[in-house]
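See below for the structure under consideration.
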Number of protein chains: 2
Amino acid sequence: MRVTIKDIAKEADVSITTVSRVLNNKPDVGDDTRAKILKIIEEMNYNPNSVARGLVMQKTHTIGLIIPDISNPFFPQIVRAVEDKAQQLGYSVILFNTDNHLERERKAVELFKSKQIDGLIVSLSLGNEEILKNLKASNYPVVQIDRSVLDHIYPLVSIDNIKSAYQMVEYLIKKGHKKIAHLSGDLNTTTARDRLSGYKKALKDYKIEIKKDYIIEGDYTQDSAYKATQNLLGLKSPPTAVFAANDLSAAGVYKALFEADLKIPADMAVAGHDDINLASLLKPELTTMRQPKYEMGERAVSVLLKMIDDEDAEIEDQILNTDLIIRESV
Amino acid sequence: MRVTIKDIAKEADVSITTVSRVLNNKPDVGDDTRAKILKIIEEMNYNPNSVARGLVMQKTHTIGLIIPDISNPFFPQIVRAVEDKAQQLGYSVILFNTDNHLERERKAVELFKSKQIDGLIVSLSLGNEEILKNLKASNYPVVQIDRSVLDHIYPLVSIDNIKSAYQMVEYLIKKGHKKIAHLSGDLNTTTARDRLSGYKKALKDYKIEIKKDYIIEGDYTQDSAYKATQNLLGLKSPPTAVFAANDLSAAGVYKALFEADLKIPADMAVAGHDDINLASLLKPELTTMRQPKYEMGERAVSVLLKMIDDEDAEIEDQILNTDLIIRESV
DNA sequence: TTGAAAGCGCTAACAT
DNA sequence: ATGTTAGCGCTTTCAA
């Protein structure tokens, strides 16, 4: 049996209240008593039970993190940042992967509520607005990260995807490209939609016709990009550049291009988005937009804890900047 | 205020005991009563408080996962597998990154004990044997994953690193190489030590001299491998092949080689280990040993839950097979 | 088939 | 400065 506060109290010949006091660094305990208790705690290797504590305090010092997939290289850095920051502030984080599956997202939230999690950081699919509304109704602290499913209900920590995509396409244009294709991400996400908008906007601003053939809907995976590129290559008039919605897709583009014996960027320029670790390891190195992933994770935790500590702290969205990272692929 | 079992009881005009019974699918509840309670639970959107439940049951249905760094590409798949399997079996997982820092490892264990975690999956540094001994003393369920710090105390889920390295070096030899260097991983880990042993063993078996100059201690990072390769290149008699302790290091080798205008594998063959996602994306594609990362994660959970469910289940180490993945770099 | 009561390990009024 | 008591939300004897 584990040693409890009772055991300490008995051993020290005081009440458990007194022990509780020294445990929580409260005043009103005699120096000698405190010392004695501390000593016994040490000796008996006592560890307070946070479940019991959580029950009475209505606080678990645990937060939930709901993401699509930790094995997608975009997320590990975010998760690392969240865990680092949380740990630093005395919180633990429970991870949950959903694969953008509505049902699993719902299950995750259910689970977290039952576990009395203090707050939630989520990256949900569009279509689950209702889930957030319910959470909001019970005044549950939540912050959205990367993508938003519902504006002005819960704060979002992300980037300006429209602007970011715009900047990349603009760069492509300035490099002399007029025939620019876009391989979109999963259009059930706001990020993919916004990047597509940014792409269109840039073309429009530079008076370049938006061709349907040049826009292929994908899902952020290497594989979908690989196939899409093959399609592109089959066109009567193939593009000279492709802007992939994320770096993983860009890798898929590379693969298709290599197989067709095409040179990057001579035969076709390719640009990515996110600047995951992989980007600088590809040959040629990938030109891409860098997202401040680590910082996003940190901010999300900061914002969440602010909401936890102050119920009605009104918190604004945190929109961070991206950077154009020029390498060799454009 | 959240709705509790009391509210349901009052609303249904029964005792909380009865509500608890239906919550836990116990028999001895009238069909009508059960139906009525179920309906009210639904209506009031009641969610049992698992903290309270955890306190009385002495079980939190939560496990801890201690790893060096989720942003090291070796780990996400393992974490994903652990989370998937745990979720599937009704458990949540709390993640903790330690960067192989002894102090943080200790802190993590402390935290998890206090949180009344049901079991632990750990990937610890050598030097923290004591921590596991203590855990064992309190009969805490633990499984080691990837690396072992203490044999025969807690089961290990991993691969045979000696054999795996041996196989790769043997392949290099059969490809005609005699001057083979090894860039080791962090020698505070058993994996790095074992891979080094396997390398030496293969050379010995094939009567190839083991040259000190050809063995450079690294730490599994791209950067250390980059520098090590530059050293290698400066030798009077540089190797014709290098076996990097992991794929990330291999990427570092690539970088140094490209900078020196050397061709892979013509000028220098390079082999990796692990087969992370990156390996097939490098140019030339990396020849490496594949670890069954996802399966390791799953097994770890299975073994752990077996230990949780049956205190004195004697469980053996799970040593999985690796596969030589021949691509273009050798 | 149902309920009353004790207790899981802790914190927090409220006494003294 | 210290102790008594109630109670957090639940499960589980034990009794009816």
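Order of the sequence lines sets the chain letters (A, B, ...), proteins ahead of strands, with each chain counted from 1. Computed from a predicted structure; not experimentally measured.
The nearest whole Å value for the distance from the CG atom in B/Asp28 to the C1' atom in C/dT1 is 7 Å. When rounded to the nearest whole Å, the span between NZ of A/Lys36 and C1' of D/dA1 equals 13 Å.
The phosphate of D/dT2 (OP1 or OP2) has a side-chain N or O of A/Thr33 nearer than 4.0 angstrom. B/Tyr46 has no side-chain polar atom (N or O) that falls below the 4.0 Å cut-off from OP1 or OP2 of D/dG9. Regarding contacts with the backbone of C/dC8, every side-chain N or O of B/Gln116 stays at 4.0 angstrom or more from both OP1 and OP2. Here B/Gln58 does not reach the OP1 or OP2 of D/dT11: none of its side-chain N or O atoms lies under 4.0 Å away. OP1 or OP2 of D/dT2 has not a single side-chain nitrogen or oxygen of A/Thr18 nearer than 4.0 Å.
Residue A/Val51 is classed as having no contact, given no heavy-atom separation below 4.0 Å to the nucleic acid. If you check every strand for non-hydrogen atoms under 4.0 Å, A/Asn49 touches sugar and phosphate atoms only.
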Restricting both atoms to N or O, compile the protein contacts to nucleotides 12-16 of chain D shorter than 3.5 Å, with distance only.
| from | atom 1 | to | atom 2 | distance (Å) |
| --- | --- | --- | --- | --- |
| D/dT12 | OP2 | B/Lys26 | NZ | 2.9 |
| D/dT12 | O4 | B/Thr17 | OG1 | 3.3 |

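Residue order along DNA chain C, read from the 5' end via each residue's closest nucleotide, puts B/Arg34 first among A/Leu23 and B/Arg34.
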Below 3.5 Å, can you tabulate the donor-acceptor pairs from side chains in residues 67-75 of chain A to any protein atom, sequence neighbours excluded?
| from | atom 1 | to | atom 2 | distance (Å) |
| --- | --- | --- | --- | --- |
| A/Asp69 | OD1 | A/Ser71 | N | 2.9 |
| A/Asp69 | OD1 | A/Ser71 | OG | 2.8 |
| A/Asp69 | OD1 | B/Arg80 | NE | 2.9 |
| A/Asp69 | OD2 | A/Ser71 | OG | 3.1 |
| A/Asn72 | OD1 | A/Phe74 | N | 2.9 |

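Applying a 4.0 Å cut-off to non-hydrogen atoms, the residues of residues 4-13 of chain A that approach DNA chain C are A/Thr4, A/Ile5, A/Lys6, listed by residue number.
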Next item on the list: Verify side chain to side chain contact (heavy atoms under 4.5 Å, CB included) between B/Leu55 and A/Asn49, making sure each step is shown before the conclusion.
Entry: CA-CA 9 Å; B/Leu55 183 58; A/Asn49 179 329; 4.3 Å; yes

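Between A/Asp118 and A/Pro141, the closest heavy-atom pair is O-CG, 3.5 Å.
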